[in-house]
Amino acid sequence: MDIQILSQENGMAKVGVTLPGSALTAAIDKVYGKYAEDKDFALPREGLADSPEGQRVLREAVQALFSEIYPDVMKQVDLPVASDPKVTVVEASETGGVAFTLSFALRPEMKLGRYKGIHVRMPDVTVTEAEYQEALRQVEEQNLVPAAVERPAALGDITVIDYEGLRDGVAFAGGAGKGFSLTLGSGQFIPGFEDQLVGASAGDQVDVHVTFPEQYHAAELAGQPALFKVTVRQVQELRLTPMTDQQKASLRQSMEQRKQSLADQEIEDQVLKIILEEAQVELPEAMIESEANICAQQFAAELSARGTTFEQFCQQNGKTYETVLQEMKPLAERRIRLRLVLSAIAEAEGFTAEESEVTAAWEQMAMQYGLPVEQLKQYAGPETEAEIRADIVSQKAYALLRESTILDRD
């Protein structure tokens, strides 16, 4: 394999890679062998480029070959790559060999401004009495429990009822129930039903006369009058469950912790805003596009976790993948700038990832995935350790920023 850096300017690099035809032959043999296991596959090994199916085999072979050599290529060129490569296949034949060109953005130089001793406003972390009382009210309302009462039912009460629906004196399917808890005024039953139970007490038997809506789902009942024979088993009202002193103290503590957490985030945002504004760097467009693609992929994964797809999101919101990428670019640019700033701070301060810290990070990941460390390393690939080291030094840079920030209190 021959590797050459063809150009390196304006924040971009182009690398040329050539391989002998024998490398492609070996890749084609692997892919062809996989297809040949299918009894219905009858394409001859010779002359693959002469048919669409054969061209598909060739494409897969070229892609597999590139994936195989890419780690070695990047290791040998040893450039500060900052984007996914744009790959061009210049030639691919078993006789003439294979030639790729790879174009990618290079990590730009970051010129730091201020990053230590930055003054920011200290947010107010006081939990006011009004906030506390409102939180108490909301918690107590969430803990309303039904309690039996010896009085006539009113709107908002729960009636536990047995009922049977009759039309022309004959019971109809789906019109009966026992021990059903019906909140009066909730609109659970057809219009007029719940109103006729207002004033009923436990033990009462009530004839409820109603007319089914014209658009009722059961066509045979739509628009028809009916009688429901109802027996009220119990009347219940919702009552507050008083909080204990310990619960109230715990609520106040959680509110204070949340306010402090929000304040810490606000302080961090203020510090990073100042640092990012004063840092000087020019980002190659390819670098931003590559990061925007990552943002879009992460967004698609979030949508999937919520039970929808990226395609459905685009259809519902009149967007395309390209418009989403454009919307992601400001986020992508900020993420890149933040990484570069933290990396530059770590370099300026001489922060490194100690081997014990890297080992601890691998062990924690292995515990999360339930795998032995060595097996996880095989699955994760060589680039994962570089990401772990970068994260460790970034966390050290974050810690320095927090420790050196000066809080101005109003």
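- Applying the ring-ring contact (aromatic ring centres under 6.0 Å, His included) test to every pair with at least one member in residues 316-373, sequence neighbours left out, gives these pairs: Phe310-Tyr321.
- Judged as a salt bridge (Lys or Arg N to Asp or Glu O under 4.0 Å), and not counting sequence neighbours, Asp78 has no contacts.
- In this structure, the side chain to side chain contact (heavy atoms under 4.5 Å, CB included) partners of Gln326, at least two apart in sequence or on a different chain, are Lys329.
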Considering only distance and modelled atom types, tabulate donor-acceptor pairs under 3.5 Å from the side chains of residues 82-89, sequence neighbours left out.
{"residue": "Ser83", "atom": "OG", "partner": "Ala105", "partner atom": "N", "Å": "2.9"}

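- For Arg258, the salt bridge (Lys or Arg N to Asp or Glu O under 4.0 Å) test picks out no residue, with sequence neighbours left out.
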Which donor-acceptor pairs under 3.5 Å do the side chains of residues 334-345 make with protein atoms, sequence neighbours left out?
{"residue": "Arg335", "atom": "NE", "partner": "Glu291", "partner atom": "OE2", "Å": "3.0"}
{"residue": "Arg335", "atom": "NH1", "partner": "Gln298", "partner atom": "OE1", "Å": "2.9"}
{"residue": "Arg335", "atom": "NH2", "partner": "Glu291", "partner atom": "OE2", "Å": "3.0"}
{"residue": "Arg335", "atom": "NH2", "partner": "Gln298", "partner atom": "OE1", "Å": "3.3"}
{"residue": "Arg337", "atom": "NE", "partner": "Glu333", "partner atom": "OE2", "Å": "3.2"}
{"residue": "Arg337", "atom": "NH2", "partner": "Glu333", "partner atom": "OE2", "Å": "3.2"}
{"residue": "Arg339", "atom": "NH1", "partner": "Glu291", "partner atom": "OE2", "Å": "3.2"}
{"residue": "Arg339", "atom": "NH2", "partner": "Glu291", "partner atom": "OE1", "Å": "2.8"}

Under 3.5 Å, which donor-acceptor pairs do the side chains of residues 61-77 form with other protein atoms, sequence neighbours left out?
{"residue": "Ser67", "atom": "OG", "partner": "Gln63", "partner atom": "O", "Å": "3.1"}

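- Shown here are the salt bridge (Lys or Arg N to Asp or Glu O under 4.0 Å) partners of Glu164, two or more places apart in sequence or in another chain: there are none.
- Applying the 6.0 Å contact sphere to CD of Gln246 captures no more than 12 heavy atoms from other residues, nucleotides or ligands.
- Atom CD of Gln133 is surrounded by more than 12 heavy atoms from other residues, nucleotides or ligands within 6.0 Å.
- No side-chain heavy atom of Val98 sits under 4.5 Å from any side-chain heavy atom of Thr18.
- Other residues, nucleotides and ligands contribute over 12 non-hydrogen atoms within 6.0 Å of the CD atom of Gln368.
- Heavy-atom contacts from other residues, nucleotides or ligands closer than 6.0 Å to CE of Met1 number more than 12.
- Remark: Gln253 pairs with no residue by the side-chain hydrogen bond (donor to acceptor under 3.5 Å, both in side chains) rule, at least two apart or across chains.
- In plain terms, the two heavy atoms of Thr384 and Ala380 that are nearest each other are OG1-O, 2.9 Å.
- Checked for salt-bridge contact, Arg121 and Glu266 meet the test: a charged N lies under 4.0 Å from a carboxylate O.
- Atom CD of Glu140 is surrounded by more than 12 heavy atoms from other residues, nucleotides or ligands within 6.0 Å.
- In this view, Thr183 and Ile158, Ser186, Gln188 satisfy the side chain to side chain contact (heavy atoms under 4.5 Å, CB included) rule, not counting sequence neighbours.
- With salt bridges taken as basic N to acidic carboxylate O contacts below 4.0 Å, one links Glu131 and Lys259.
- Checked for salt-bridge contact, Arg389 and Glu357 miss the test: no charged N lies under 4.0 Å from a carboxylate O.
- Annotation for Gln364: atom CD does not count as buried by contact number, only 12 or fewer foreign heavy atoms lying within 6.0 Å.
- Here the CD-OG distance, from Gln312 to Ser304, works out to 10.0 Å after rounding to the nearest 0.5 Å.
- Residues satisfying the salt bridge (Lys or Arg N to Asp or Glu O under 4.0 Å) criterion with Arg107, sequence neighbours excluded, are absent altogether.
- By the side chain to side chain contact (heavy atoms under 4.5 Å, CB included) test, Glu256 is found to be paired with Val127, Arg252, residues two or more places apart in sequence or in another chain being considered.
- Ion pairing between Glu349 and Lys396 fails under the 4.0 Å rule for side-chain N and carboxylate O.
- Comment: Lys273 does not engage Glu268 in a salt bridge, judged by the lack of any side-chain N to carboxylate O separation of less than 4.0 angstrom.
- Comment: Glu134 engages Arg137 in a salt bridge, judged by a side-chain N to carboxylate O separation of less than 4.0 angstrom.
- Residues Lys111 and Glu109 are not paired through a salt bridge, judged by the lack of any N-O separation under 4.0 Å between the basic side chain and the carboxylate.
- When the shell of 6.0 Å around CD of Gln215 is examined, it contains 12 or fewer heavy atoms from other residues, nucleotides or ligands.
- Remark: Asp264 does not engage Arg402 in a salt bridge, criterion side-chain N to carboxylate O under 4.0 Å.
- For Asp207, the CG atom is densely surrounded, since the number of other residues' heavy atoms within 6.0 Å is greater than 12.
- Between Phe299 and Phe313, the distance from one ring center to the other falls under 6.0 angstrom.
- In this structure, the separation between CG on Leu240 and CD on Glu141 is 7.0 Å, given to the nearest 0.5 Å.
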